[in-house]
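These notes are about the structure you will find just below.
Naming convention: chains lettered A, B, ... in sequence-line order (proteins, then strands); numbering from 1 in each chain.
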Amino acid sequence: MAPKRALRLYNTLGRRVEELRTHQPGKVGMYCCGPTVYEYQHIGNFRTYILEDVLRRALTALGYEVRHVMNVTDVGHLTDDADEGDDKMLQSARREGKSAWDIAAFYTEQFFRDSRALNILEPHVVARATNHIDEMIELIERLESAKLTYEANGNVFYDVAGFDRYGELALLDRQDLRAGARIDVDSSKRNPEDFGLWFTRSKFERQEMLWDSPWGRGYPGWHIECSAMAMKYLGETVDIHCGGIDHVPVHHTNEIAQSEGAIGLSSHSDRRWVSHWCHGEFLIIDSAKMSKSKGNLVRIDQLVEQGYEPLDYRYFVLGAHYRKQQNFTAASLEAARSARLNLVDRLASLASEVGEAGAVDEQLAGADGEAHPLYQEALELAASDLSMPRVLEVLWRLAKEASGPAVDLLAGAAAIDGILGLGLVEAARRTAAERDVAAGAPLDGEIRALVDQREKARQEGDYATADRIRDDLAARGVELQDTPEGVRWRQQASV
RNA sequence: GGCGCCGUACCCAAGUGGUAAGGGAGAGGUCUGCAAAACCUUUAUGCACCGGUUCGAUUCCGGUCGGCGCCUCCA
């Protein structure tokens with residue numbers, strides 16, 4: 001089945017926006033580079049995962065059938081140098097005698113916990129590297145038969161000299177690279193660009209995860225897992241491959257070399273292993289890249305400790321285009337939180353207009369949000385290289401300017417939010433339900449009593465007492481409104 | 001040294017060869033005992049700077065300055 005509308009997406013290979021052409025009509029196989037589970041994922045990492053989630057949601061909204069595969073790099077070393085720093089998890093794990101396997105399981109769990117909190121849909125296939133050692137070995141054997149490998153010093157390397165299109169994705173031929181400028185080049189390599197496929201000589205002292213292989217007991221190189229798992233779950237043609245922009249020069253460049261080398265695609269072939277490469281730009285914090293070495297990592301749970309909702313961060317991310325660096329500051333996150341709350345607030349008013357809590361569900365179920373013109377506008381913007389800032393703008397227009405029956409507006413908002421993934425309508429329904437309770441018979445007798453007390457004080461002219469009670473209630477999230485019809489109160493939007 | 005990206009209001013941030021979205025924050029107003037909320041109004045003749053192309057440039061080209069990223073295991 002063909003999609004309703006084709007997605008136009010920037011392709012790193014070729015550096016321009018292209019209409020997505022899929023291997024099978026209407027079906028998209030997307031492979032995303034997932035986390036390395038030996039540390040917490042920070043909010044910069046999650047910017048990329050949010051991009052991938054939005055891509056998937058946009059594809060789905062456009063009518064594509066999506067198969068989303070993500071790897072989890074859990075091949076771990078637990079070496080002495082990995083223990084440096086003040087990572088409490090690693091230190092305690094070591095104290096308690098936990099293995100690399102335990103640690104990987106721990107961080108994998110953390111990753112998916114944060115992902116869920118950010119409304120990131122779980123990939124259809126989550127592939128753990130340690131479950132695919134056999135596939136990696138087979139792939140290395142294929143490369144061996146293709147004469148693209150050599151052994152040196154006990155390790156198996158990929159020989160980039162045998163792959164004539166090496167570096168095409170990153171335009172490496174246009175660069176005057178300084179091999180070894182930052183990291184020492186392994187002297188056993190023939191070319192600095194060569195990379196390890198299988199190691200039997202570990203540079204790590206305390207290697208915990210080891211497997212038997214035709215080249216001896218050891219462990220796989222990093223890049224091979226993605227090639228092997230992508231091929232296993234998506235076949236020899238991948239429609240979209242995603243990752244952070246930092247993966248372009250090395251990881252993805254090497255993946256292409258491995259995969260196309262194994263498949264046997266040469267520069268004479270028009271066919272590519274991956275037809276569309278999609279990369280997310282970096283999050284910048286205090287005018288610098290977020291990295292462990294700079295010590296400026298921020299995690300989702302730290303934002304939560306500061307009183308933010310994970311979805312505030314998602315809103316923040318959606319406010320900038322994925323191909324531009326985005327600067328994270330306390331002020332910009334605060335602005336995103338206010339904006340999201342205001343949006344929920346407006347949608348909650350619409351929900352109240354639709355009716356009582358139960359009726360909202362029923363009415364929404366009967367409405368066709370995708371029929372709303374503003375949804376169509378949003379979908380078109382999503383199809384235009386994932387222009388989420390503009391989709392947000394359309395949603396704001398829907399929430400504050402559009403006219404029509406409240407249920408149609410709300411249904412349209414729900415449809416747009418299906419692309420954004422902000423959980424706005426869900427939050428609005430919850431907020432509206434709380435307000436319904438407030439407007440009718442309050443469940444909390446204590447609050448009712450305080451409201452009555454304040455009214456009495458006001459009538460007696462004791463405004464000091466009245467204001468004190470109002471402040472007390474505000475601290476509990478209860479907002480009072482004195483209207484000509486009398487006092488009303490409601491729960492603040494806080495979801 | 002090479003490669004790539006970027007510089008838009010107080011902040012974040014869209015965008016286009018034809019005269020600058022949206023959000024946050026601030027200001028004024030209506031309402032109020034005072035507030036809050038809501039609603040209304042409001043904040044860039046200007047898009048780093050200098051040239052060029054053009055009827056017309058924030059948008060295209062060149063240069064300058066500034067910022068960020070990458071140059072081999074970092075989303």
Please state whether the rings of A:Trp277 and A:His241 are parallel, tilted or perpendicular, taking 30° and 60° as the class boundaries.
-> parallel
With both distances kept under 3.5 Å, what pairs with B:rC70, Watson-Crick or G-U wobble?
-> B:rG2
At what distance, to the nearest 0.5 angstrom, does CD1 of A:Ile256 lie from NE2 of A:His251?
-> 10.5 Å
Spacing of A:Asp467 atom CG relative to B:rU32 atom P, expressed in whole Å | 16 Å
With heavy atoms under 4.0 Å as the rule, sort A:Gly44 into base, sugar-phosphate or nothing.
-> base
A:Leu7 side chain reached by A:Leu386 side chain, heavy atoms, under 4.5 Å = yes
Rounded distance [0.5 Å steps], CD in A:Gln306 versus CD in A:Glu334 = 10.0 Å
Is B:rC39 paired to anything, Watson-Crick or G-U wobble with both distances less than 3.5 Å, and if yes, which nucleotide?
-> B:rG29
Is the closest basic N to carboxylate O distance between A:Glu460 and A:Lys456 below 4.0 Å?
-> yes
Starting at the 5' end of RNA chain B, which residue's closest nucleotide do you reach first, A:Gln326 or A:Glu281?
-> A:Gln326
Using atom CZ of A:Phe328 as one end and atom P of B:rG69 as the other, report the distance to the nearest whole Å.
-> 17 Å
Taking atom types as they are modelled, is there a donor-acceptor pair under 3.5 Å from the base of B:rC6 to the side chain of A:Arg323?
-> no
Name the nucleic acid region contacted by A:Arg458, choosing base, sugar-phosphate or nothing; use a 4.0 angstrom heavy-atom cut-off, strictly under.
-> base
Given B:rG33, B:rA14, B:rU72, which nucleotide is nearest the side-chain atoms of A:Ala466?
-> B:rG33
Using the C1' atom in both, what is the distance from B:rC10 to B:rA25, to the nearest Å?
-> 8 Å
Quick one: does A:Arg397 reach the base of B:rA21 with a side-chain donor-acceptor pair under 3.5 Å?
-> no
What is the pairing partner of B:rU53, taking Watson-Crick or G-U wobble pairs with both distances under 3.5 Å in any strand?
-> none
Any strand, both distances under 3.5 Å, Watson-Crick or G-U wobble: B:rG7 pairs with B:rC65
Interatomic distance where CG belongs to A:Asp345 and C1' belongs to B:rA37 [whole Å] = 9 Å
Taking side chain as C-beta onward, heavy atoms only, is A:Asn254 less than 4.5 Å from A:Phe163?
-> no
Length of the line joining A:Leu283:CG and B:rG67:P, which is rounded to integer Å | 20 Å
Who is the Watson-Crick or G-U wobble partner of B:rA21, with both distances under 3.5 Å?
-> none
Taking the P atom of each, how far is B:rG46 from B:rC68, in whole Å?
-> 29 Å
Which nucleotide in the set B:rG69, B:rA13, B:rG33 lies at the smallest distance from any side-chain heavy atom of A:Pro389?
-> B:rA13
OP1, OP2 of B:rG24 versus side-chain N and O of A:Asn342: anything below 4.0 Å?
-> yes
Would you please test A:Trp198 and A:Ile224 for side chain to side chain contact (heavy atoms under 4.5 Å, CB included) and show each step?
-> CA-CA 9 Å; A:Trp198 191 269; A:Ile224 197 72; over 6 Å; no
Gap in Å between the two C1' atoms, one belonging to B:rC47 and one to B:rG33, rounded = 48 Å
May I ask you to verify if any side-chain N or O of A:Lys400 is less than 4.0 angstrom from the OP1 or OP2 atom of B:rC39?
-> no
Calculate, to the nearest 0.5 Å, the distance between atoms CG and CG belonging to A:Leu283 and A:Asn327 respectively.
-> 7.5 Å
May I ask you to say what A:His279 touches in the nucleic acid, namely base, sugar-phosphate or nothing, with a heavy-atom cut-off under 4.0 Å?
-> nothing
Send over the distance from A:Asp246 CG to B:rG69 C1', rounded to a whole Å.
-> 10 Å
Whole angstrom value for the distance that separates P of B:rC12 from OH of A:Tyr313 | 16 Å
5' priority, RNA chain B, between A:Arg454 and A:Leu392 [closest heavy atom] = A:Leu392
With C1' as the reference atom in both, quote the distance from B:rA44 to B:rU8 in angstrom, rounded to an integer.
-> 8 Å
Quick one: which of B:rA14, B:rG23, B:rA13 gets closest to the side chain of A:Asn327?
-> B:rA13
Would you indicate which nucleotide in B:rC74, B:rG23, B:rC68 comes nearest to any side-chain atom of A:Trp222?
-> B:rC74
Closest to side chain of A:Asn45, choosing from B:rA14, B:rC74, B:rG69 | B:rC74
Within the pair A:Lys324 and B:rC68, is there a side-chain N or O less than 4.0 Å away from OP1 or OP2?
-> no
B:rU59 and B:rU54: how far apart are their P atoms, nearest whole angstrom?
-> 16 Å
For B:rC12 and B:rC3, measure between their P atoms and round to the nearest Å.
-> 30 Å
Both distances under 3.5 Å, Watson-Crick or G-U wobble: report the partner of B:rC47, or none.
-> none
Integer angstrom distance from the P of B:rG17 to that of B:rU58 | 14 Å
Just to confirm, is there a sub-4.0 Å distance from OP1 or OP2 of B:rC39 to any side-chain nitrogen or oxygen of A:Arg346?
-> yes
Whole-Å gap separating P (B:rC74) and CG (A:Asn254) = 12 Å
Across the strands shown, which category fits A:His321 at heavy-atom distances under 4.0 angstrom: base, sugar-phosphate, nothing?
-> sugar-phosphate
From A:Leu51 CG over to A:His279 NE2, what is the distance, rounded to the nearest 0.5 angstrom?
-> 10.5 Å
In whole Å, what separates the P atom of B:rG62 from that of B:rU53?
-> 15 Å
Against the side chain of A:Arg470, the closest entry in B:rG69, B:rA35, B:rG23 is B:rA35
Between B:rG4 atom P and A:Leu13 atom CG, what is the distance in whole Å?
-> 16 Å
Measure from the ring centre of A:Trp396 to the centre of the six-membered ring in the base of B:rG22, then say whether that distance is under 5.5 Å and the planes meet at under 30°.
-> no
